[in-house]
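Remarks on the structure that follows.
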Protein chains: 2
Amino acid sequence: MADVGAIAGVTSRTVSNVLSGKVAVSPETQAAVLRAVDQLGYRMNTAAKHLRTGRTGSITLALPDLSVDYFSQLAGAVAREADRHGWAVTLEQTNYERQRELQVLLGQGKHLSDGLIIQPYALQDDDIEILAAKQPCVLLGDHAPGLPVDHITMANADAAQCATQHLLNIGRRRIAAVGVNSSGGPHTAETLRLRGYEAALEAAGMLTDPELLAEARRWRLQDGAAAVEGLLSRGVHFDALFCFNDSLALGALHVLSQHGVAVPDDVAVVGFDDIAVSAYSNPPLTTINPGGTGIAAAAVQALSRRLAQGPSEAAVGVVQDFHLVLRSSA
Amino acid sequence: MADVGAIAGVTSRTVSNVLSGKVAVSPETQAAVLRAVDQLGYRMNTAAKHLRTGRTGSITLALPDLSVDYFSQLAGAVAREADRHGWAVTLEQTNYERQRELQVLLGQGKHLSDGLIIQPYALQDDDIEILAAKQPCVLLGDHAPGLPVDHITMANADAAQCATQHLLNIGRRRIAAVGVNSSGGPHTAETLRLRGYEAALEAAGMLTDPELLAEARRWRLQDGAAAVEGLLSRGVHFDALFCFNDSLALGALHVLSQHGVAVPDDVAVVGFDDIAVSAYSNPPLTTINPGGTGIAAAAVQALSRRLAQGPSEAAVGVVQDFHLVLRSSA
DNA sequence: TTCTCTCATTTCATCGTCGAAATCCTGTGC
DNA sequence: GCACAGGATTTCGACGATGAAATGAGAGAA
């Protein structure tokens, strides 16, 4: 910076003023400085700026696994949105591990950042409440209502109820739920989607048949396939599947097709997430669109607000709108 | 750090020594310092360290679009691998834009990092050769042989030839190529895959029928769908599709199914990339597995080597092994 | 002419860490 | 008893930027 100043005939401080634009500088000086900057190909040192100001200009995005479509699409949307706010995005894959989530929340990641957007998986709300105070933080996914941390979520239970309701509306009565995981906490996506499913049945005056709850600890393609294989091999009778996400549903679709089960004639299938491939599966998947880009935008915006306002302001909880996307599978 | 030292009864410098572990420190002092660190919950300031040492501890990963499966899976693998090397990963989405790619290569991103792993799309090799000198850099994707920059690639032409050969082997003679883009440079994946396709035909004593080249400027699901729609609406006769990536193939599969075309009986389909969903499509997609995790690992490793050795060492070019994954679509 | 006011620019110190070199300390050999 | 080796610890400065406050230079008023 001093070098630039030397060429432009001013001090390093004036160069700083020109580049930051926060202090008035005469037009001639400005031009001279900019010329010198250009001539030397000077670029500001981020680390020094960070050290002096305490702001890094980057945020951390922590997700369980980038190779899951929902998360990668979310990551893409967050990156785009962060870019609009002038932030760089540093990525942390937590691999669904409690340990990694703790590290990230405690800010012990390898790289400091101004704030954190995290989708916790293994951590409980109690932990989070304590830990999130360490740094500006926005949570994705479901949490206890009233949690004093900014969080963006979708109406999981309502959406699940809507999806199940749709299956009921088209005359299905033996609707299996795929993705049940008995080890979930009270505010996980799993529990809430299951709750929505049950609520829809109950509203129709039906009881939940435990036989129709297909377990899947993880929600990948192979888990959906395995769950439906299980259903079939146990000889469970069902005429519809409500899958807790699209990957499960695509895995299910695959297995049904392998077994010669017609979709939607024999079995109707509804998914959840509306990932890109779902529109192009055979048959195209009816699913819940949870407004992922909206969630990304809301998250970045919430973080931005938090950084501007400081930790004192009340936490916001945004619930993103969803809608049912009707395609051919149900 | 000084505070920690005060509690432990030593200087900040000794604390630094303990934490870095590079200078000998007596066991008692070490214990005392660690206790103090723990007590204060002290964490080192990354920015200061960066400023002093010139190393950020993070690398930049620049990809066109995270919502493309191949890229997101690559990103996941790179993140995992970088983690093993103790690096944080900063993400840049270039959106296939020349401008963004330039910025990143010039190191004008918002955040400095020790090195760059980039999959260029719009930039030519000539540009890259000049620009990559600005910082340690590993290229992904295809480039002119002998390009003096570290690069990891796959045998695109060979793999495409292998895929096409397979279609010939199973008796197909009217094989359409999906994903052709006449505006590609000489060393893009598109050109190489097309070349492999043509080579296979030629080896079988056949000519390329221009009618069978289905254009697709981008390689997303909808582009594959549109390309095949075009083929069908033009009344082109074909008994196989070689799609330049899996998304195109899945889009194609979708359209074929919509039109009641049986796969593989009427039309065999081969893809390229072996993304996760391809194993679960209907029918499951035969495709080329380009060894994505291998590419990620090789990229991180190459960057690591480059950082250790400095810019003087000769550039390495790694060609990752591929293999044909036989499933039901061909 | 002198004084005040304002805008532009500079001076100075500082953020937290680590490289280099100086200093301290303890034990050893003669 | 003394010089000396060698490990442990400290001192000192610098990395490159910026906040706060001081300085300089004109414009206008008294």
Side-chain angles (χ1 to χ4, degrees), chain A residues 1-37 40-58 86 88 107-114 134-135 307 310, chain B residues 1-37 39-58 86 88 107-114 135 307 310:
Chain A
M1 213 169 211
D3 297 351
V4 174
I7 292 192
V10 292
T11 329
S12 70
R13 188 59 243 233
T14 301
V15 177
S16 171
N17 287 339
V18 171
L19 295 178
S20 76
K22 289 181 182 174
V23 177
V25 177
S26 76
E28 311 90 65
T29 314
Q30 209 163 89
V33 167
L34 290 178
R35 217 176 313 119
V37 164
L40 290 182
Y42 164 83
R43 282 177 299 120
M44 205 160 58
N45 181 315
T46 325
K49 181 188 209 130
H50 173 189
L51 177 57
R52 192 61 180 83
T53 62
R55 284 285 169 107
T56 66
S58 73
Q108 290 173 344
K110 282 159 238 73
H111 208 85
L112 285 186
S113 58
D114 293 343
K134 303 266 178 179
Q135 66 182 310
L307 287 173
Chain B
M1 212 170 212
D3 297 350
V4 174
I7 292 192
V10 293
T11 331
S12 71
R13 188 58 245 234
T14 302
V15 178
S16 171
N17 287 339
V18 170
L19 295 178
S20 76
K22 288 182 181 171
V23 178
V25 178
S26 75
E28 311 89 67
T29 314
Q30 210 164 87
V33 167
L34 290 178
R35 216 175 315 120
V37 164
Q39 180 182 334
L40 290 181
Y42 164 83
R43 281 176 300 120
M44 204 161 59
N45 181 315
T46 325
K49 179 189 211 131
H50 174 190
L51 176 58
R52 190 61 181 81
T53 62
R55 284 282 168 106
T56 65
S58 72
Q108 290 174 344
K110 282 159 238 74
H111 208 83
L112 285 186
S113 57
D114 293 342
Q135 65 182 312
L307 288 174

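Naming convention: chains lettered A, B, ... in sequence-line order (proteins, then strands); numbering from 1 in each chain. Note that this is a predicted model, so its numbers are computed, not measured.
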Check: Between A:Y42 and A:L19, does a side-chain contact (heavy atoms from CB on, under 4.5 Å) hold up when you go through it step by step?
Finding: CA-CA 11 Å; A:Y42 164 83; A:L19 295 178; 3.6 Å; yes
Notebook entry, point to check: With the sugar-phosphate defined as primed atoms, P, OP1 and OP2, and the base as all remaining atoms, what B/S/- string results for nucleotides 22-28 of chain D, 5' to 3', for protein heavy atoms under 4.0 Å?
Noted result: -------
Next item on the list: Might you point out which heavy atoms bring B:V18 and B:Q30 nearest each other, and give the distance in Å?
Entry: CG1-CG, 3.8 Å
Next item on the list: Rounded to the nearest angstrom, tell me the gap between atom CD in B:E28 and atom C1' in D:dT9.
Entry: 13 Å
Checklist line | Contact summary for B:S58 and B:S113, nearest pair of heavy atoms | finding: O-CB, 3.1 Å
Note to self: I'd like to know if the side chain of A:T53 and the backbone of A:R55 have a donor-acceptor N/O pair within less than 3.5 Å.
What the structure shows: yes
Next item on the list: Check A:T56 against A:D114 and note the closest heavy-atom contact, atom names and distance.
Entry: N-OD1, 2.7 Å
Next item on the list: Give the minimum heavy-atom separation between A:V33 and A:V4, together with the two atoms involved.
Entry: O-CG1, 4.0 Å
Notebook entry, point to check: Is A:V10 touching bases, backbone alone, or none of the nucleic acid, heavy atoms closer than 4.0 Å?
Noted result: sugar-phosphate
Next item on the list: List the protein contact pattern of nucleotides 15-25 of chain C with one symbol per nucleotide (5' to 3'): B for base contact, S for sugar-phosphate-only contact, - for none; contact means a heavy-atom distance under 4.0 Å.
Entry: BBBBBB-----
Checklist line | Atom of B:N17, atom of B:V25 and distance for their closest heavy-atom approach | finding: CB-CG2, 3.7 Å
Notebook entry, point to check: How is B:S26 classified with respect to the nucleic acid when contacts are heavy atoms under 4.0 Å: base, sugar-phosphate, or nothing?
Noted result: sugar-phosphate
Check: Which pair of non-hydrogen atoms, one from B:A47 and one from A:H50, has the smallest distance, and what is that distance?
Finding: CB-ND1, 3.0 Å
